[in-house]
There are 2 protein chains.
Amino acid sequence: MPAIKDVARRAGVSVATVSRVLNDHPSVRVDTRERVLAAVADLGYRPNAVARSLRTDQTRALGLVISDVLNPFFTELARSVEDAARELDYSVVIGNADERPDLQDHHVRTLMDRRIDGLLVSPTDGGSPMMLAAARAGTPMVFVDRWIEGEGLDRVPVVRTDGQGAIRALVAHLCALGHRRVAIIAGPAATTTGRERVAAFRSALRESGLALSADLIGQGDFQADSGRRVTARFLDLPHPPDAIFAADNLMALGAMDEIRARGLRVPDDVALAAFDDIPWFVHTDPPITAIAQPTGALGRAAVTALIDLVEGRPAESVTLSARLVTRRSCGESEGSTP
Amino acid sequence: MPAIKDVARRAGVSVATVSRVLNDHPSVRVDTRERVLAAVADLGYRPNAVARSLRTDQTRALGLVISDVLNPFFTELARSVEDAARELDYSVVIGNADERPDLQDHHVRTLMDRRIDGLLVSPTDGGSPMMLAAARAGTPMVFVDRWIEGEGLDRVPVVRTDGQGAIRALVAHLCALGHRRVAIIAGPAATTTGRERVAAFRSALRESGLALSADLIGQGDFQADSGRRVTARFLDLPHPPDAIFAADNLMALGAMDEIRARGLRVPDDVALAAFDDIPWFVHTDPPITAIAQPTGALGRAAVTALIDLVEGRPAESVTLSARLVTRRSCGESEGSTP
DNA sequence: CCTCCTTGTGGAATCGATTACATGAGATTG
DNA sequence: CAATCTCATGTAATCGATTCCACAAGGAGG
């Protein structure tokens, strides 16, 4: 693999001149530039990004640590982040934490070691030590979807979706269909989305004159299995719920598994709704009512904020809103509410 | 961010000694080592991977260029690749080609510029120039799932799944259920999986005494939309097929969309089967019969082969087999055939 | 015609690590 | 006791770029 000095030798100039051509510095005579470009083409030379990064102290790479790649929501997010970053000439290095704090820490550490220019995180737990260290060290950092609080983290912008309105719409929808005893499969209390969705659900219920009793709050971990376990517990109750709201799509899948395994039907025996909409929800039996996040916009906003930070501009938190997409899993009534 | 010389200064030794401690070189006195380690801890020092890579000419990073992140098959593959790589202390940098040759080229170029140690590719088209260049330049490279042929590419190992047996089982299954006029939504002819699946399907049909007429081969591109378009064409035929086999899961999704949009039912009006099994297929209406690939094993085998290459050992191609998982989308009969 | 700019180019320091080679102290050996 | 070897450590070159500074040539202005 040819280096800059090979190009210089072949073009009969110094490495400094080659570098100037490569970074199109103005003061290079046209014929010299052409000679250099010809040498570059002849040799198939490509600048070594590693060397360049060492010298310039920037990698033009962003790190994205997500909680679970197998969750379509995060896959879509990752895709939109990559698209947005590519347009600004940045690469994205993804780390999958698999909802495990230790893995999350591993990825943050590796990314920092590789000196990525900025970090996009959707934290799994409350206070990963590496993340705190990174934030304190002044690494440009933005939280997406979920965030954490902590010393030194108050200046980290948060790009997220507010589900309150959509959850209120969902509760109204459930009430209108006659459901009164509704349960929630919550996400981990260590995550903001885990807590917020429960809180929003509870207050929406209260507004509709319903209460969320303790035995109808099940603790899940955003993965399918936990949805299944929690649902089993709900259905074993002497007085089981007539509607279940899963705080993410994977847990809804698990819930559906369990309901079906017991020979029960959705929505006749239990209604089901999920946070996070995905293409497959249209095709399940029955199609599942869900709260959709604007994933594309979320990813773009996160990248914009992060790159503002990276390039020394101030960045602000962004909150987008989710919307309810009603299908048949809570009872008859098709259509979507904006 | 502290550098090695800061550690050296604080420990009262030279940078060489610090480096030796960090790479646990044997000849360092125990008390010196402890002093250095203490300095490292005090400063929260982490070696700069960029500098290290420049010097050692290895990044301990692998590139993975996949055709489409939104396709659950590739997401699962990416996840298993990352898991396997992490165990061997390598990071994985993913590039999503989105089934676009230009994007694929972009990612291969970026990864090469960043001097990744090896490249795992599931090629989108026939002969991306950068990929050929990379292979010729001697970059360790392994094809996963799909592969391409070309000058200089004959020594690139291929880790893939052979679907012939499973496809034969699928055809037998369709025949047993009385389907005679079967169609296929093929993948791009530029991809091996695109061609192979059609070929295997055709020869399995022949073995069962059926022919695959030209109007029942639709050209798709492995994305949902194309599945929908091709299905529309099939259903507009004066004599439409009674079974459709989609060469991947996204096209099956598109097919299902179109079938449903016309008010037809699966499997009563048309049977449907797909290549690539995914968790959601259990929950669609009806559950979809699919051919499952051993994704985890595929990813692990690919990483093993690539790292063998990276570390100078010879590597071999690996072929695993797929298996048919029958559900209800082709007609009654539940269960799975190994 | 001398001085002062401007323009184009080269030399060399630099980024943060690794590592071959040099060095000095102490141990071993004949 | 001199010669040699071993061990622990330091000095400095190196990887491949970028960039500050120096410098030469030519043009402009007085």
Side-chain angles (χ1 to χ4, degrees), chain A residues 1-40 43-61 89 109-117 137 139, chain B residues 1-40 43-61 109-117 137:
Chain A
M1 196 144 269
I4 197 170
K5 65 168 183 291
D6 302 311
V7 177
R9 188 161 23 227
R10 183 173 248 262
V13 298
S14 73
V15 295
T17 301
V18 177
S19 175
R20 277 189 276 257
V21 171
L22 262 30
N23 297 284
D24 40 43
H25 189 92
S27 79
V28 177
R29 238 172 42 215
V30 189
D31 59 325
T32 325
R33 150 171 274 112
E34 276 166 8
R35 221 148 17 99
V36 170
L37 257 19
V40 165
L43 298 172
Y45 168 77
R46 298 246 78 217
N48 184 328
V50 175
R52 182 183 297 210
S53 295
L54 177 61
R55 183 59 236 251
T56 60
D57 201 35
Q58 57 155 321
T59 49
R60 289 202 85 80
D89 268 315
R109 181 169 19 248
T110 314
L111 292 168
M112 296 294 294
D113 284 356
R114 294 186 187 277
R115 299 298 192 266
I116 42 120
D117 293 338
T139 313
Chain B
M1 197 143 270
I4 197 169
K5 66 168 182 292
D6 303 311
V7 178
R9 188 161 23 228
R10 182 174 249 262
V13 297
S14 72
V15 294
T17 301
V18 177
S19 174
R20 278 189 275 257
V21 171
L22 261 30
N23 297 283
D24 41 42
H25 189 92
S27 80
V28 177
R29 237 170 44 211
V30 188
D31 60 323
T32 324
R33 146 170 279 113
E34 275 166 8
R35 224 152 10 103
V36 170
L37 257 19
V40 165
L43 297 172
Y45 167 76
R46 296 247 79 215
N48 183 327
V50 174
R52 182 183 295 210
S53 294
L54 177 60
R55 183 60 235 251
T56 60
D57 201 36
Q58 56 155 320
T59 50
R60 290 202 85 80
R109 182 169 16 251
T110 314
L111 292 168
M112 295 294 295
D113 285 355
R114 293 187 188 276
R115 301 298 193 267
I116 42 120
D117 293 338

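Naming: A, B, ... by sequence-line order, numbering from 1 per chain.
- Each end of the helix from C:dC1-D:dG30 to C:dG30-D:dC1 gets its own rotation axis from five pairs of C1' atoms, and the angle between them is 50° to the nearest 10 degrees.
- Relative to the side chain of B:R52, the nucleotides C:dT9, D:dT18, C:dT18 differ in distance, and C:dT18 lies closest.
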What are the atom names and distances for every N/O pair under 3.5 Å that joins the protein to nucleotides 23-28 of chain D?
none

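- Scanning residues 5-14 of chain B for heavy-atom distances under 4.0 Å to DNA chain C yields B:K5.
- The side chain of A:S27 lies closest to C:dT9 when the candidates are C:dT9, C:dA17, D:dA17.
- Atom-to-atom distance recorded for A:I116:CD1 and A:Q58:CD is 13.0 Å, nearest 0.5 angstrom.
- In this structure the side chain of A:V50 never reaches within 4.5 angstrom of the side chain of A:T59, judged on heavy atoms.
- Listed in residue order, the members of residues 17-25 of chain B having a heavy atom less than 4.0 Å from DNA chain D are B:T17, B:R20.
- Note that CZ of B:R109 is 5.5 Å distant from CZ of A:R46, once rounded to the nearest 0.5 Å.
- To the nearest 0.5 Å, the span separating CZ on A:R29 from CZ on A:R35 amounts to 7.5 Å.
- Out of D:dA8, D:dC15, C:dT9, the shortest distance to the side chain of B:T32 is found at D:dA8.
- Summary of the strand contacts: B:L54 and B:A16 both lie near DNA chain D, and taking for each the nucleotide with the nearest heavy atom, the more 5' one is attributed to B:A16.
- Backbone-only engagement by A:A3 is indicated by non-hydrogen atom pairs under 4.0 Å involving sugar-phosphate atoms exclusively.
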Distances for protein N/O vs nucleotides 22-25 of chain C N/O pairs under 3.5 angstrom?
none

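- To the nearest 0.5 Å, the span separating OG on B:S27 from CZ on B:R33 amounts to 9.5 Å.
- In this structure, CG in A:L22 is found 8.0 Å from CG in A:L37, a value given to the nearest 0.5 Å.
- At a threshold of 4.5 Å between non-hydrogen side-chain atoms, the residues A:V7 and A:L43 count as touching.
- A distance of 10.5 Å separates OH of B:Y45 from NZ of B:K5, quoted to the nearest 0.5 Å.
- With sequence neighbours excluded, no residue forms a side chain to side chain contact (heavy atoms under 4.5 Å, CB included) with A:D57.
- The side-chain heavy atoms of A:R52 and A:N23, taken from C-beta on, include a pair separated by under 4.5 Å.
- Side-chain contact between A:M1 and B:R115 is present, with heavy atoms from C-beta onward closer than 4.5 Å.
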